[in-house]
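Note: hydrogens, waters and symmetry copies are ignored here, and every other heavy atom, side chains too, is used.
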Amino acid sequence: MTDASVLIVDDEEMIRTALEQWLRLSGFATHVANDAASALERLDEIRPHVILSDVRMPGLSGLDLLRKVRERMVPSEVILITGHGDVPMAVEAMRQGAFDFLQKPYVPDKLVASLKRAVDQVALKREIADLRRRLDGGEAELATRLVGNSPPMEQLRNTVRELAHIPTDVIILGETGTGKEVVARCLHDFSPRAKAPFVAVNCAAIPAELIESELFGHEAGAFTGAGAQRVGKFEYANGGTLLLDEIESMPLLAQAKVLRVIQERVVERVGSNKQIPLDLRIVAASKVDLAEESKAGRFRADLYYRLNLATITLAPLRDRGEDCILLFHHFLGAAAARFGRPAPQLHPADIQALMHHDWPGNVRELKAAADRFAIGLDATGRSLGAIIGPATRDLPPSTGGLAERVAAYERHLIEAELTRHNDSITAAAEALQVPRRTLSEKMSRLGVRR
């Protein structure tokens, strides 16, 4: 109960001191105030789980304090104590939201039991409120981290929101450069594990002879060169999320040992018999289809079945339509800020170059192109077509007549500028060289929202 705090409010010093000593011995962190007004001034500072207050005090009474706590929506419970135990006062206190009402002389154990119940209630309410804030406030943040308006991106954001709060292992499939680690980090950051470690391991970058030591850790002297104890990635990520990137590159022998760790949720360091319990989410990322790899015998089928509780498949950039325009603006603004240079304007020819490129390197290639475009050191006079090369595909066929196609193009240009300028209509209007009122009217007509 050391994290549970109680604010004691009583005008009699002897009672305050006795309560403070008793509650500290019972494991509570205590604070004191000699009247209700002083208690109200300190609420934001100490954020107590429970306010334990006398009812009859000079100035504001305990009932007044209760009313003001409820009016200010303070996330604390209130327990009232009185030596004048009349039933109407108790009924009124409970009606106004008091957690409990105790009459002097009270049994100390009964008071402690009531405080513990109140602390549990407050802790639950605060956790729910934190989750709601994360969900409500995270909508915009998720959109800035998983950028795009295409149907695959809408579906991806919905899936991440749903899976983030489900304690299950996840497989993420996608071509190189599609953002598998970004998605894994979103799963972690929008989950209840957000305050615990996120650990990413590239299985392809670890030599086969060292992979067990890297993943499971080792004791000093476990093998030649093991001069000191080492904590492995599984243990280091305990409580949080472990990303096993390019898991298809993991040797089959190591896969067998990883399977046991995932099944048992315990890990043993190399050279030790001590089992360390694990509580973490495993995210396995692969650029190839693990089901096909397991059929071909290149990946253990039992490990695939154990991991395949939920699978997210990322669409390549070439299948995401005009997301490449929004993403390019996003990366271009970030690069310009990073390099301390003004963000260059995109011309229609640059937009055409973006849309005609096949992006074999996906988002990673697009980001590199945005960085080069922001630096502007090419002898071509900052031609995006010269940076990314000649067209490698035809544009997908457009639908509708000329008016519909022009409107769609205007819509995407406006959305891109709004994204680039953090939803500032004034800045977007200046970039597009139109009056602010004209831009607002176009946004309304085209259904563009910030």
Side-chain angles (χ1 to χ4, degrees), residues 167-177 179-185 187-189 191 193-309 364:
T168 181
D169 297 334
V170 179
I171 292 176
I172 302 177
L173 301 177
E175 295 179 6
T176 298
K180 295 184 287 293
E181 183 170 342
V182 173
V183 174
R185 284 186 179 274
L187 284 171
H188 174 79
D189 291 344
S191 77
R193 300 180 183 272
K195 295 180 181 179
F198 174 88
V199 179
V201 180
N202 190 321
C203 300
I206 305 174
E209 62 272 15
L210 295 180
I211 194 163
E212 289 184 38
S213 174
E214 285 290 321
L215 294 179
F216 311 137
H218 63 250
E219 298 292 343
F223 51 84
T224 303
Q229 184 188 79
R230 178 187 177 88
V231 173
K233 302 300 185 184
F234 274 96
E235 188 178 350
Y236 186 68
N238 208 1
T241 302
L242 176 64
L243 168 63
L244 297 175
D245 199 7
E246 296 192 67
I247 193 172
E248 73 277 5
S249 303
M250 185 182 293
L252 290 172
L253 179 59
Q255 290 180 28
K257 296 183 178 181
V258 166
L259 173 63
R260 181 181 178 278
V261 172
I262 294 175
Q263 284 180 333
E264 304 297 330
R265 271 340 196 233
V266 295
V267 66
E268 295 177 10
R269 295 175 187 154
V270 177
S272 172
N273 293 321
K274 180 183 178 181
Q275 293 188 337
I276 302 169
L278 296 176
D279 173 24
L280 76 170
R281 185 207 290 268
I282 307 293
V283 178
S286 174
K287 62 180 179 291
V288 297
D289 189 338
L290 292 180
E292 295 299 322
E293 290 294 292
S294 65
K295 290 178 182 177
R298 293 186 293 268
F299 193 82
R300 290 186 64 100
D302 47 5
L303 177 57
Y304 169 69
Y305 296 139
R306 179 60 186 81
L307 288 170
N308 191 28
L309 302 177
R364 186 177 294 129

Check: Under the criterion side-chain contact (heavy atoms from CB on, under 4.5 Å), which of Val261, Val199, Val266 is the partner of Phe234?
Finding: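 For Phe234, the side-chain contact (heavy atoms from CB on, under 4.5 Å) test succeeds with only one of Val261, Val199, Val266, which is Val261.
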
Over all atoms of both residues, closest heavy-atom pair of [X] and [Y]:
X      : Y      : result
Pro207 : Ala205 : CD-O, 3.7 Å
Ala222 : Gly271 : CB-CA, 4.0 Å
Thr168 : Val170 : O-CG2, 3.7 Å
Gly239 : Ala196 : O-CB, 3.2 Å
Val231 : Tyr236 : CG1-N, 3.8 Å

Hey, could you give me the [atom1]/[atom2] distance between [X] and [Y], rounded to the nearest 0.5 Å?
X      : Y      : atom1 : atom2 : value
Leu187 : Ile172 : CG    : CD1   : 5.5 Å
Ser286 : Glu292 : OG    : CD    : 11.5 Å
Ile206 : Ile211 : CD1   : CD1   : 5.0 Å
Cys203 : Ile247 : SG    : CD1   : 5.5 Å
Asn202 : Glu181 : CG    : CD    : 9.0 Å
Arg265 : Asp279 : CZ    : CG    : 8.0 Å

Next item on the list: Spell out, as yes or no, whether a donor-acceptor pair under 3.5 Å connects the side chain of Asp169 to the backbone of Leu307.
Entry: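 A pair under 3.5 Å: no.
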
Check: Do Asp245 and Lys233 meet the salt-bridge criterion of a basic N to acidic O distance under 4.0 Å?
Finding: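 The answer is no: the pair does not qualify as a salt bridge.
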
Checklist line | Side-chain ion pair, Glu246 and Lys287, N-O less than 4.0 Å | finding: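 The answer is yes: the pair qualifies as a salt bridge.
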
Next item on the list: For a side-chain hydrogen bond (donor to acceptor under 3.5 Å, both in side chains) with Glu219, tell me which candidate from Arg269, Lys274, Arg230 qualifies.
Entry: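 Among Arg269, Lys274, Arg230, the one that satisfies the side-chain hydrogen bond (donor to acceptor under 3.5 Å, both in side chains) with Glu219 is Arg269.
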
Margin query: Ring-plane angle category for His218 and Phe223, please: parallel below 30°, perpendicular beyond 60°, tilted otherwise.
Written below: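 His218 and Phe223: perpendicular rings.
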
Could you tell me whether the side chain of [Y] reaches within less than 4.5 Å of the side chain of [X], counting heavy atoms only?
X      : Y      : value
Leu290 : Leu303 : no
Asp189 : Phe198 : no
Glu214 : Val201 : no
Met250 : Arg300 : no
Arg281 : Leu242 : no

Notebook entry, point to check: Would Leu243 and Lys180 count as a side-chain contact (heavy atoms from CB on, under 4.5 Å) if you check the C-alpha gap in whole Å, the side-chain angles of each, and the deciding distance to 0.1 Å?
Noted result: CA-CA 10 Å; Leu243 168 63; Lys180 295 184 287 293; over 6 Å; no

